[in-house]
Student: 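Here it is: the structure, laid out below.
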Amino acid sequence: MVSQEANALRRSEPFIERLQRFGKSMLRSPITLVGTIIIAVIIVQALSNILQGEYDFELFVKQLMVGLAQGSIYALVALGYTLVYGILFMINFAHGEVFMAGTYIGFFAIDAMNKTGFLEQHTLLSLLIVFLVAIVSSVLVAVTLERIAYRPLRNAPRLVPLITAIGASTFLQRAFVGLFGSSPRVYPNVHFYILPQVFHLECNAVDGVETCLGMDLVSGRYPLQFLGIEILFRPFYLVVFLAAIAMMATLWYIVRRTKTGKAMRAVAEDKATASLMGINVDSVIVTTFVLGAALAGAAGVLFALYNRQVVPTMGFAPGLKAFTAAVLGGIGNIPGAAVGGFFLGIVEAVAPSLLNIPNQLENVIAFGMLVLVLIFRPSGILGEVLTEKKA
Amino acid sequence: MALLEVQNIHTYYGKIHALKGISLDVDEGEIVTLIGGNGAGKTTTLNTICGITPASEGTIILGGKNITRMRPHAIVAMGVGQSPEGRKIFTRLTVRENLEMGAYARNDAAKIAKDMEFVFETFPRLKEREQQLGGTLSGGEQQMLAIGRALMGQPRIMLLDEPSMGLAPLLVRDIFHIIEYLNKEQGTTILLVEQNAHMALAIASRGYVLQTGNIILTDSARHLQENEMVRKAYLGEN
Ligand SMILES: Nc1ncnc2c1ncn2[C@@H]1O[C@H](COP(=O)(O)OP(=O)(O)OP(=O)(O)O)[C@@H](O)[C@H]1O
Ligand SMILES: [Mg+2]
């Protein structure tokens with residue numbers, strides 16, 4: 001009631017006074033002022049580029065699709081950071097390598113199936129196997145890490161497991177380089193055709209009879225008329241996006257509705273009391289690592305299917321970006337990780353040409369975004385204000 | 001044979017020797033109370049029984065089985081329920097979810113639903129707030145929820161740590177009525193820790209007096225009520 005009245009008061013406040021109040025708060029915290037100026041510059045730059053016709057709708061749609069796919073990967077990996085943080089208040093810096101390990105081991109499966117021709121004959125089955133191999137590998141790596149590197153440090157000062165995680169990250173990366181070499185391996189080119197009767201695509205005329213393979217969901221690119229513009233539509237970007245949404249919905253359901261999910265939330269809040277409920281705290285923590293790793297393994301395969309290569313260092317950049325996304329969204333917050341991931345993916349894809357800055361500065365944009373968001377919302381886009389108890 | 005037998009347990013917090021050889025027992029169907037001043041070791045005793053602060057020495061036997069070295073969740077599964085000091089409600093779970101967590105170790109869905117009904121009948125206020133987050137309840141309501149949550153585990157023995165703390169006198173009376181009811185009608189065995197020695201001794205059959213990690217006195221509740229030292233130290237009489 002009281003806050004409603006206060007809101008009503010604020011709304012009826014004359015514009016000038018509101019402006020004054022805003023100005024005063026700016027002066028009180030110069031960093032907000034800097035942030036506001038930077039945002040203003042960005043907006044002006046973007047607008048002038050659009051007005052000059054350097055940036056058009058066609059480019060935007062194209063980049064939006066890339067951004068959604070990349071954002072899906074960030075979001076899926078970010079969920080792993082956020083889940084573990086939510087329950088242990090620890091940043092699992094080795095999560096990028098969990099993503100890499102699954103993808104890399106999944107590569108051996110798909111490569112073997114490709115060489116025997118199994119991939120071409122039974123594409124769907126092969127893909128299912130690759131996802132399974134990658135997910136299981138990521139999960140095994142994460143669970144091993146938890147057991148031997150993090151669990152013994154559960155009661156140590158917070159900095160200790162953090163440094164251990166950085167060590168584990170380097171260890172895993174180096175171990176893969178040692179075992180499999182540091183050069184990239186080319187991921188097979190997968191064609192997965194659907195609905196030849198509906199989509200008259202990839203057609204061949206043999207003896208005057210036209211047979212169509214249908215739409216290639218993984219590697220196909222098709223010109224598409226759309227709101228008066230022509231774009232090269234890549235169905236796989238849509239597949240990645242939808243798969244990510246489906247996985248996130250499943251995760252949400254698990255955490256909100258199932259007994260295990262409720263136990264996860266209870267453990268996140270208070271481990272001793274959770275154990276008084278008969279909850280095995282250790283196994284709930286393991287479950288959390290399993291969920292995060294499974295999402296990372298699946299994301300890794302999706303990523304490799306369009307990025308077309310694997311390399312032991314491939315976990316670093318997406319891992320760092322996903323961590324950034326998790327912080328952007330509000331670390332520990334599940335919808336926050338999703339929002340942060342998509343936000344970062346889209347900004348990264350759209351911003352360079354919208355602002356007319358070189359593509360190589362993509363990382364500057366990612367981390368600049370992080371700083372900007374944290375200036376205005378220190379606990380992230382959807383993050384709750386950290387209470388004494390949690391912090 | 002007693003339902004719960006605690007034999008000569010020692011518990012440390014780092015170097016602090018909090019329990020210095022505590023022995024007590026609770027028979028099936030009894031209400032036994034543990035009284036003592038601040039820092040005497042009452043909460044530590046309950047947490048040691050539950051395995052949260054494991055004993056470094058001594059044995060704890062529940063229904064003939066040695067539970068001293070078991071982990072908390074396994075001890076709970078054996079039939080020990082605790083309503084902890086300070087209520088410890090899950091603030092970001094709803095009232096219903098809190099109660100569901102109380103029944104976490106059980107698998108009999110139909111019976112769980114019935115027990116939930118029983119808790120809601122016993123505490124109608126919780127029924128009204130079923131979908132509300134635990135953190136939005138008042139102190140008294142949280143205490144009801146903590147007791148209800150412990151009940152949901154259908155424990156053979158329920159450990160209650162200061163259930164009257166911070167409650168208005170009328171509510172304290174209600175809570176004690178409910179504890180008595182659970183014991184008489186439901187047959188729940190209860191080990192009750194209380195600062196409010198008056199009320200505790202009124203419903204208990206026996207009591208233990210704890211001082212700086214030692215049991216200094218044990219007797220029937222009636223005798224303790226009449227004991228000179230207890231009257232002075234814990235019943236606030238001169
Ligand atoms: N986590 C802890 N770390 C260190 N010492 C502790 C801890 N918990 C309790 N103690 C010490 O152990 C002793 C017993 O504490 P305990 O909480 O069991 O007392 P209590 O009888 O429950 O007191 P109160 O009536 O105030 O709740 C005290 O001296 C206390 O300072
Ligand atoms: Mg206490």
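Below, read A as the first sequence line, B as the second, and so on, with proteins coming before strands; counting in each chain starts at 1.
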Student: What residues of residues 3-39 of chain B make heavy-atom contacts with chain A at a cutoff under 4.5 angstrom?
Tutor: none

Student: Does atom NZ of B:K114 have more than 12 heavy-atom neighbours from other groups under 6.0 Å away?
Tutor: no

Student: Rounded to the nearest 0.5 Å, what separates atom CD1 in B:I52 from atom OG1 in A:T273?
Tutor: 6.5 Å

Student: For a quick test of reading the model, state the closest non-hydrogen atom pair linking A:G278 to B:Y104 and the distance between them.
Tutor: O-CD2, 3.5 Å

Student: Which pair of heavy atoms, one from A:I279 and one from B:M101, lies closest together, and at what distance?
Tutor: CD1-SD, 3.7 Å

Student: Measuring from atom OG1 of B:T94 to atom NZ of A:K262, what distance do you get when rounded to the nearest 0.5 angstrom?
Tutor: 7.5 Å

Student: Looking at A:F171, I'd like to know if its CZ atom is crowded, meaning that more than 12 non-hydrogen atoms belonging to other residues, nucleotides or ligands lie closer than 6.0 Å.
Tutor: no

Student: Is it true that atom CZ of A:R154 has more than 12 heavy atoms of other residues, nucleotides or ligands lying nearer than 6.0 Å?
Tutor: yes

Student: Which pair of non-hydrogen atoms, one from B:V76 and one from A:S275, has the smallest distance, and what is that distance?
Tutor: CG2-O, 3.6 Å

Student: Can you see which heavy atom on B:F90 is nearest to which on A:M277, and at what distance?
Tutor: CE1-CG, 3.9 Å

Student: Return the option, out of B:R149, B:R106, B:E100, with the maximum number of heavy-atom pairs under 4.5 Å with chain A.
Tutor: B:R149

Student: Check each atom of B:I89 against the heavy atoms of chain A and say whether the ones under 4.5 Å are side chain, backbone, both or neither.
Tutor: backbone

Student: Considering heavy atoms only, which positions within residues 57-74 of chain B lie below 4.5 Å of chain A?
Tutor: B:R71, B:P72, B:H73

